[in-house]
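Below is one structure; the comments refer to it alone.
Below, read A as the first sequence line, B as the second, and so on, with proteins coming before strands; counting in each chain starts at 1. For the numbers below, each heavy atom of this structure counts, side chains included, while hydrogens, waters and symmetry mates do not.
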Amino acid sequence: MSKYKEYKQLDLPAVADEVLKYWEENDIFQESIDSHEGNKPFVFYEGPPSANGLPGIHHVMARAIKDIFCRYKTQKGFQVKRKAGWDTHGLPVELGVEKELGITKEDIGKKISVEEYNKACREAVMRYTDVWNDLTKKMGYWVDMETPYVTYENKYIESVWHLLKQLYDKGLIYKGYTIQPYSPAAGTGLSSHELNQPGAYKNVKDTSATAQFKVTKDDKSSFLFDDLHGDLFFLAWTTTPWTLPSNTALGVGKNIDYVKVKSFNKYTHEPITVILAKDLVGKWFSAKASDLKLSDYKNDGKNIPYEIVAQFKGSELEGIRYEQLLSYVQPEEGDAFRVLIGDFVTTSDGTGIVHLAPSYGADDYRVAQINGIGALHLVNNQGKFKAKVTDFAGEYVKEQYLKDEDKPADYKSIDVRISIKLKKENRAFDVQKYEHSYPHCWRTDKPILYFPLDSWFIKTTAVKEKLIANNKKINWKPESTGSGRFGNWLENLQDWNLSRSRYWGIPIPIWTTEDKEEQICVGSAEQLRAECEKAVAAGMMDKNPLGDFEPQNMSKENYETFDFHRPFVDDIVLVSPSGKAMKRETDLIDVWFDSGSMPYAQWHYPFENKQLIDENKFYPADFIAEGVDQTRGWFFTLHAIATLCFDTIAYKNVVSNGLVLDKNGQKMSKRLGNAADPFETLKKYGPDATRWYMITNAQPWDNLKFDLEGITEVQRKFFGTLYNTYNFFALYANIDNFSFEEAHVPYEKKPEIDRWVLSKLNSLVKDVDAAFGDYEPTKAGRLIQEFTTDHLSNWYVRLCRRRFWKGDYNEDKISAYQTLYTCLITIAKLSAPIAPFFMDQLFKDLNVVSGKETVNSIHLSDFGKLKEKYIDEDLEQRMEIAQRLSSMVLALRKKESLKVRQPLQKMMVPILDPTFKRQLQDIEALILSEVNVKEIEYLEETAGILVKKVKADFKKLGPKFGKDMKQVAGAISQLSQDQISDLENNDKIELQFSDKTIELTTADVEISSEDIPGWLVAAEGKYTVALDVTLSEELIEEGVAREVVNRLQNFRKEAGFEVTDKINISLETSSELNEAIQNNKNYICSETLAENLSFVDKIEGEKFLLKIDNETKTYVSLKKV
RNA sequence: AGUCCCAUAGCUCAGUUGGUUAGAGCGCUACACUGAUAAUGUAGAGGUCCGCAGUUCAAGUCUGCGUGGGACUACCA
């Protein structure tokens, strides 16, 4: 007969290694999918990591969450396929390759061909896949790594093109321009990622100018003109005077107060009237001059007097016109040179009126667009003014773009020269150097410009309402991320800028003629091949680059006969219907579109597996999970593409997890050296403890302060306790040959304690199932842990120990084994999603003997089955009372220094109500044995014996008495003992207040016993116990006998006897001990498995010193029978 | 700058629909216990529930305004 495996020591990493080997040898993961064939699917999407970096500890966290719910759903009977994926395109890959090869973007096409460059990217990006796969295995993340989707593969790209073409055909793709960071020195746009490189923002001193924009008099503005001092101007401040020729509007804040001020221009000394924000008057006019009269001005630019003459809101200024400041060029379209309302305008800087140059500021552009105002783009791609800006044509707008050797000796920057020009024309109110932080190109170190750049856009704003509506169908964990962060983002949605000016990515499949009149969007390899055929026939190309591709053939080989990447697609010239050449738009598409296409592209939809999507077999996802940083990344692109192309949601449930910080709450980074190595952690602590710790320590969406000591605690506290409990079970079950072959002991015949723990267990199954079902793994883990350590180990096992080692193999003992076995195997099942290795081991160790289950891994078994009828709330409540009362008695013993081994005669408990009495009767025996007291007395007629206390039930009385609540509560606590017994007897009492009488019932208050005069009493909440601490001779002897048993047990152990060995005991006669031992001989013998106990005068040979205290001692010898 | 998250004991975290002694584990101190023993029990110390204001009979809990930490998005005349 097989035995339960007994362990010497808990070694979690070793368990994981062993189980991992077992999984691999028996292909358990595949089995867990195959064995659920035909069951309802649970659809999971893996968000693709980029394999060009090494995995960190946060990946263990993110993947543990994914794994937990996939395993849980498998145990719940679903078939859970999960396909791994790799995100392979994008800037980080390019940057990595450039760093490695020691090149920059400018070298591409010169030092290195695009082909070579992209080849290097393709190799670099998959470099660490082995490391990733290794981590995936070691942490126990089950995902299909054999056939992952890879975003650079032609099949994947073809699906992406198909989706794009859908959008194109729906008219949702257009070309426009936006204001983006642009580096004239490098000749390229910069991504926000590049702008966020350390050191990109530098403090620089620029010439700032406050310009005077002359107000035009018309119906709208006439109210400003009634009291003037010279001409009337708006004041607007800028740190980039070079943008002033491009000014087409001014911005004001709707609710900001503006004032009209009479003063003088400090350069020309001409009288002026200016408008600026009221709060900023102090910034531009000296307080010292506030008392001066306008007539006092000395024309010296100092102490310029001023006078505030009117005040109005920004909203009153809306639409007012002004004269163009520097009229080199007029905007071609739109009604320019008006005052607009801008929500971004503040009074923290400048004048509260913002100069708007829509070509060179994103905010400017946005406001201008809304108001239909055109832009003036007067700077070319090198950063030089165009010829139309006659004064400064061909000059760099930023001094830094000019090489030092090309600078004339008397060089003045454009900003300075424009300022001088304004001063001369009475248009400069103030000019000064201003230090601020400004972004620089990380490659050339030169300042960037915000610049209009051509881009392709997806018109996401066209489906905004649908996106919002669909979002409401998604279950977000936590909810606030969905409604708040994500919801608000959708409310303020902009069109999706799809273009990236890069090399390594999916090309935009749009070809246009040079005059932009004709255009085609390609949606498949087959279509491209056909278009190429036409182009070859028309003489546009010599041969068809897709000539070897065989349409409809889905083989891997066929899809490797060409490459969709640059430069190959760039070489393709197509022919338009009218016979003109069409070239591809050079941009690549945003990599986020790659990953957002993953639900379809992972299956090469619609070219293969069409039914998976169209028949909703693998779409939408039931569940996805990623970091909260993906809210506007992957979560958005999945959602957007699903809504745009299919008008559905892409996922039903989404968990967004927080960050993993170091133990001090700092972000982990290689630079700071505080990043935890996932491999070392897993190796040292094992994946189970690591996962358990991460999941139970903080909610997934809260940041986790990752502390290795926390894992140690989990190891000791949870796994250690569970392991001890199992070992305890195995030890005795092996002795008794328990293999669960007997029928279940009927529920009615099980003792109270077994029923209790089964009730607790089933409550646990119910709660844990609900928690997992609700995507709350933290709650689930904590519940399991609480049950295991507190209820199972520290209460059930502790109280039941004797049942396992004492007595015959009878029904009671079998019930104990069955109950403990059931608890252990159920814990294993509930915990398996979180701690897959250890729990599988536990499952197999138990099942190998019992053979209760036919499957050979817990991950093939079902989730613990709920036996609702075992849940007995009253029983759970009873046991809580028992635990409460026991702990109170133990506390009293402690206070009196009475060891638990010393039996006591009696305890008393006041009976609160009939329910309490019934409950107490059921648990009486339990309490008595736990606290080692012989009897319990119920105090029912308590009047006169107990001193009672009464307290108001605020929840009940609060609503009734409102403002008087405090007074009533005070009166209740003042009730005398007589009044309390009145209340108890009559169930109600009347209280007299100054102006009214109120009636209280027993339901309105809580009555508890405070004291029993003459007894040792403990009171806690509504419970009270009293303990009789008088010791009779008999009790003392029993106490001694227990001490003796304790010593003898230790000697047995010291002598190396087996737990089951029977012994004979010889004791040297001792006057202090003889009587006590003699009177309790049977008890001592049965406890120590002694067949014989005899007294002798002197023991020869090996003996132990049996010492109770200094006076009470003797020698003893033990012999195995 | 906007949006969102977090803030409770030295540390990590619970805290139900607002209800009157704010809890657990770890750590610390002391004492016990010892056929689960690298386990366990009991007790003690340790709190301005981040601050201010408000709603309410009653606020750790609800509202507003701040402070500190974090994330994302955007970027400023």
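- One N or O on the side chain of A/Asp953 and one on the backbone of A/Lys955 form a donor-acceptor pair closer than 3.5 Å.
- The aromatic rings of A/Tyr693 and A/Phe706 sit perpendicular, their planes meeting at an angle over 60°, well past the 30° parallel limit.
- Mapping A/Thr239 and A/Arg801 onto RNA chain B via the closest heavy atom, the residue that lands nearer the 5' end is A/Arg801.
- The side chain of A/Thr725 lies closest to B/A36 when the candidates are B/A71, B/U73, B/A36.
- A/Asn794 has a side-chain polar atom (N or O) that falls below the 4.0 Å cut-off from OP1 or OP2 of B/G41.
- The CD atom of A/Gln902 sits 8.5 Å away from atom CD of A/Glu1043, with the distance rounded to the nearest 0.5 Å.
- Under 4.0 angstrom from either OP1 or OP2 of B/C13 there lies at least one side-chain N or O belonging to A/Asn697.
- Taking atom C1' on both B/U12 and B/G46, the two are 16 Å apart, rounded to the nearest angstrom.
- At a threshold of 4.0 angstrom between heavy atoms, the contacts of A/Glu6 with the nucleic acid are absent.
- With A/Tyr365 contributing its side chain and A/Pro452 its backbone, the two residues share no donor-acceptor pair below 3.5 Å.
- Base engagement by A/Gln9 is indicated by at least one non-hydrogen atom pair under 4.0 Å involving a base atom.
- Annotation: proximity of residues 714-723 of chain A to RNA chain B (heavy atom, distance under 4.0 Å) is found for A/Arg716, A/Lys717, numbered in ascending order.
- Between the P atoms of B/C57 and B/U73, the separation comes to 46 Å (whole Å).
- For B/G41 and B/C33, the C1' atoms lie 7 Å apart once the distance is rounded to whole Å.
- The residue A/Asp702 sits close only to the backbone: its heavy atoms come under 4.0 Å of sugar-phosphate atoms, none of a base.
- Taking the P atom of each, B/A9 and B/G47 are spaced 10 Å apart, rounded to whole Å.
- Separating the P atom of B/A45 from that of B/A30 is a span of 15 Å, rounded to the nearest Å.
- The side-chain contact (heavy atoms from CB on, under 4.5 Å) search around A/Asp736 returns A/Tyr809, A/Lys813, A/Tyr817, not counting sequence neighbours.
- For an aromatic pair to be called close, the ring centres must be under 6.0 Å apart, and A/Phe635 with A/Trp476 satisfies this.
- Nucleotides B/C4 and B/C65, compared at atom P, are 11 Å apart to the nearest Å.
- Separating the P atom of B/C72 from that of B/G19 is a span of 36 Å, rounded to the nearest Å.
- Among the heavy atoms of the strands lying under 4.0 Å from A/Arg782 are primed sugar atoms or P, OP1, OP2 only; no base atom is included.
- RNA chain B is contacted by both A/Thr240 and A/Asp953; A/Asp953 maps to the nucleotide lying nearer its 5′ end (nearest heavy atom per residue).
- Looking at A/Asp590 and A/Trp496, their side chains do bring a donor and an acceptor atom within 3.5 Å of each other.
- Contact between the side-chain N/O atoms of A/Tyr726 and the OP1/OP2 oxygens of B/A36 is not found at any separation under 4.0 Å.
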Atom pairs and distances, side-chain donor-acceptor, residues 780-791 of chain A, under 3.5 Å, sequence neighbours left out:
residue  : atom : partner  : partner atom : Å
A/Arg782 : NE   : A/Thr696 : O            : 2.9
A/Arg782 : NH2  : A/Thr696 : O            : 3.1
A/Arg782 : NH2  : A/Asn697 : O            : 3.1
A/Gln785 : OE1  : A/Trp692 : NE1          : 2.8
A/Thr788 : OG1  : A/Ile784 : O            : 2.8
A/Thr789 : OG1  : A/Gln785 : O            : 2.9

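- When the C1' atom is compared between B/A22 and B/G15, the two are found 8 Å apart, to the nearest whole Å.
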